[in-house]
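Single-structure report; data block below.
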Protein chains: 2
Amino acid sequence: MKTLEEIHDEIINGHLYYLRNVSIDNVIFGYHNKELKVLLQRPQGIHKWVLSGGYIKRTESIDEAAKRIARERTGLDDLYLTQFMAFGNPDRTTDPDIPTRLISKLVNIKDAKDFWMFDYFVSIGYYTLTEFELVKPNGEFNMEECQWWDIKKLPPLLFDHREILVAAFKAMRLHLYHYPIGYELLPHKFTLPEIHTLYETILGKKLDSRNFAKKLISTGIIKKLNERRNIGPHRSPFLYIFDKVKYDKALKNGMVLAI
Amino acid sequence: MKTLEEIHDEIINGHLYYLRNVSIDNVIFGYHNKELKVLLQRPQGIHKWVLSGGYIKRTESIDEAAKRIARERTGLDDLYLTQFMAFGNPDRTTDPDIPTRLISKLVNIKDAKDFWMFDYFVSIGYYTLTEFELVKPNGEFNMEECQWWDIKKLPPLLFDHREILVAAFKAMRLHLYHYPIGYELLPHKFTLPEIHTLYETILGKKLDSRNFAKKLISTGIIKKLNERRNIGPHRSPFLYIFDKVKYDKALKNGMVLAI
DNA sequence: ATTTAATATGTAAATTATACGTAATAATTT
DNA sequence: AAATTATTACGTATAATTTACATATTAAAT
């Protein structure tokens with residue numbers, strides 16, 4: 001947690017530590033119990049929500065910046081972030097509800113417009129998908145709220161953040177067919193119905209369970225164990241684990257999952 | 001063409017007109033007569049080559065900037081540019097052969113390092129594909145050469161430009177299966193063998209001509225004419241044109257071309 | 001009329017994807 | 001102990017798609 005002094009310094013002198021005119025926006029998707037959500041924050045005094053964004057330090061790569069920013073927001077260190085698109089036009093961060101007032105007050109600035117923070121920023125979009133029970137949502141200093149929103153019931157978003165979110169969602173759904181998911185989302189040992197439900201939730205459609213299992217198993221990224229999960233008064237499903245070697249290879253080189 | 005005065009002003013005061021720390025790099029692929037090439041420039045006094053890059057004006061979007069920069073380099077106004085990735089890490093533009101000397105001399109700067117131009121830049125990568133006979137290669141003011149290079153015999157590249165080029169090439173090959181190409185590359189009326197060769201050249205592999213024709217025609221993006229091209233002492237192939245409405249729809253919404 | 005080198009075209013086989021139903025089972029209830 | 005309940009496990013037949021492949025046609029030159 002940053003001190004107020006550090007925050008004040010960052011607001012005033014941020015352009016000395018951070019790159020100007022280029023920033024990161026992270027779309028943090030959370031999955032839990034058949035629900036897909038996205039982490040949003042609401043700036044103080046504003047009634048629209050924003051993605052978790054941040055600036056790039058002069059000493060770090062854009063991938064590192066995205067990871068640091070995601071860590072600050074979620075407390076998680078092992079997020080797998082995917083860069084999907086850059087957004088940049090002079091109007092992208094104009095909005096009648098632009099939240100400059102608060103910061104202007106914090107640092108006693110006459111005209112926030114003169115300020116590095118409110119300049120034209122090109123934003124590099126990353127997304128990640130995580131188990132949302134693991135996350136301690138932790139808003140930025142000037143945020144009034146930080147919470148998960150169901151992907152189907154989004155609140156009004158500030159700036160072009162809805163456009164970014166939608167682009168991330170589309171990119172994620174496409175990536176699903178070429179890269180594995182689930183390692184950070186499911187327990188170490190999971191059942192076929194669990195991973196099946198995960199895919200159905202993200203894609204927002206039913207997948208035939210027999211065909212899904214056949215295809216997923218044929219990729220080699222999961223291995224069947226000789227154990228079952230006790231799920232109460234029903235037949236006990238077998239447990240599976242990810243074959244981490246093949247999983248990582250598929251993350252790196254891609255695969256085909258024609259579900 | 002810019003005057004020397006304008007250039008001098010841009011070098012000194014560029015940060016007033018352009019965004020800092022974020023730039024565009026265009027990978028300009030050129031196709032002609034069964035050859036796929038890429039447009040590169042060689043900075044004065046340096047023996048490595050660079051992509052055509054540029055800065056983003058404070059008044060334009062990144063897409064507009066990419067288009068303007070590509071126009072400056074090729075003289076062409078109707079290039080279709082595709083954003084494929086952003087590149088950013090503190091070392092990406094360090095190189096033992098870094099071409100600061102020339103510019104330092106031009107503007108009488110003691111230490112080029114203090115200069116906005118030689119700061120850490122995050123670069124947004126775009127690629128385009130054009131008929132290279134149409135292009136008048138036109139290097140930037142401080143470039144000694146600007147020419148097409150065969151994609152299979154690249155010269156040494158400066159900075160991370162080889163990485164960017166390779167990423168663009170991969171992205172282009174992938175896009176080929178989901179978006180149409182050819183409109184800017186082929187004559188208005190073209191034959192099946194011509195478009196077949198285009199795809200083979202870009203993909204770098206043989207495609208069965210019967211199956212290729214079947215699949216391409218089934219997308220609906222080309223229409224057969226009742227005319228033939230005279231190609232000398234051989235059977236005259238039929239001419240085709242693009243169905244521009246369907247072509248543009250496929251550019252926008254994607255398509256499947258399972259070649 | 002012959003030669004040459006290119007274009008045009010269709011089908012059978014192989015592969016892949018889809019659709020679909022029933023038996024097994026774990027714990028709870030009766 | 002038997003019955004109930006809700007869930008998992010599993011295989012095959014059909015449809016759709018993709019792949020492989022060979023011959024007749026033709027335009028101009030000789």
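Because only heavy atoms are used, hydrogens play no part in the values below, and waters and symmetry mates are left out as well, while side chains stay in. Within every chain, numbering begins at 1; the chains are lettered A, B, ... in the order of the sequence lines, protein sequences first and strands thereafter.
- Under the Watson-Crick and G-U wobble criteria, each requiring two contacts below 3.5 Å, nucleotide C:dT30 is paired to D:dA1.
- Heavy-atom distances to DNA chain C give each of B:Pro193 and A:Pro233 a nearest nucleotide, and the one nearer the 5′ end belongs to B:Pro193.
- Spacing between atom CZ of A:Arg229 and atom C1' of D:dT8 amounts to 13 Å, rounded to whole angstrom units.
- Using modelled atom types and a 3.5 Å distance limit, the side chains of A:Asn230 and A:Ser236 yield no donor-acceptor pair.
- With distances taken from any side-chain atom of A:Phe238 to the nucleotides C:dT9, D:dA27, D:dA9, the minimum falls on D:dA9.
- If you check the side chains of B:Glu145 and B:Gln41, you find no donor sitting under 3.5 Å from an acceptor.
- In this structure, B:His196 and B:Phe212 have tilted ring planes: the angle between them lies in the 30° to 60° band.
- Residue A:Asn230 has a polar side-chain atom (N or O) positioned under 4.0 Å from OP1 or OP2 of C:dA27.
- Taking the six-membered ring for Trp and thresholds of 30 and 60 degrees, A:Phe190 and A:Phe242 have ring planes inclined between 30 and 60 degrees apart.
- The aromatic ring centroids of A:Tyr31 and A:Phe132 lie 6.0 Å or more from each other.
- B:Leu257 places its CG atom 13 Å from the C1' atom of D:dT18, with the value rounded to the nearest Å.
- Between the base of D:dT8 and the side chain of A:Arg235 there is a donor-acceptor pair shorter than 3.5 Å.
- Taken residue by residue, residues 194-221 of chain B places heavy atoms nearer than 4.0 Å to DNA chain D at B:Asp208, B:Arg210, B:Asn211, B:Lys214, B:Lys215.
- Checked for salt-bridge contact, A:Glu194 and A:Arg229 meet the test: a charged N lies under 4.0 Å from a carboxylate O.
- One can place NZ of B:Lys34 at 11 Å from C1' of C:dA6, the figure rounded to the nearest angstrom.
- In this structure, B:Arg228 and B:Ile259 both approach DNA chain D, and ranking their closest nucleotides by distance from the 5' end singles out B:Ile259.
- A:Tyr126 has its ring centre no less than 6.0 Å from the ring centre of A:Phe84.
- Between B:Leu192 atom CG and C:dA6 atom C1' the separation is 13 Å, expressed in whole Å.
- Summary of the strand contacts: B:His234 and B:Ala258 both lie near DNA chain D, and taking for each the nucleotide with the nearest heavy atom, the more 5' one is attributed to B:Ala258.
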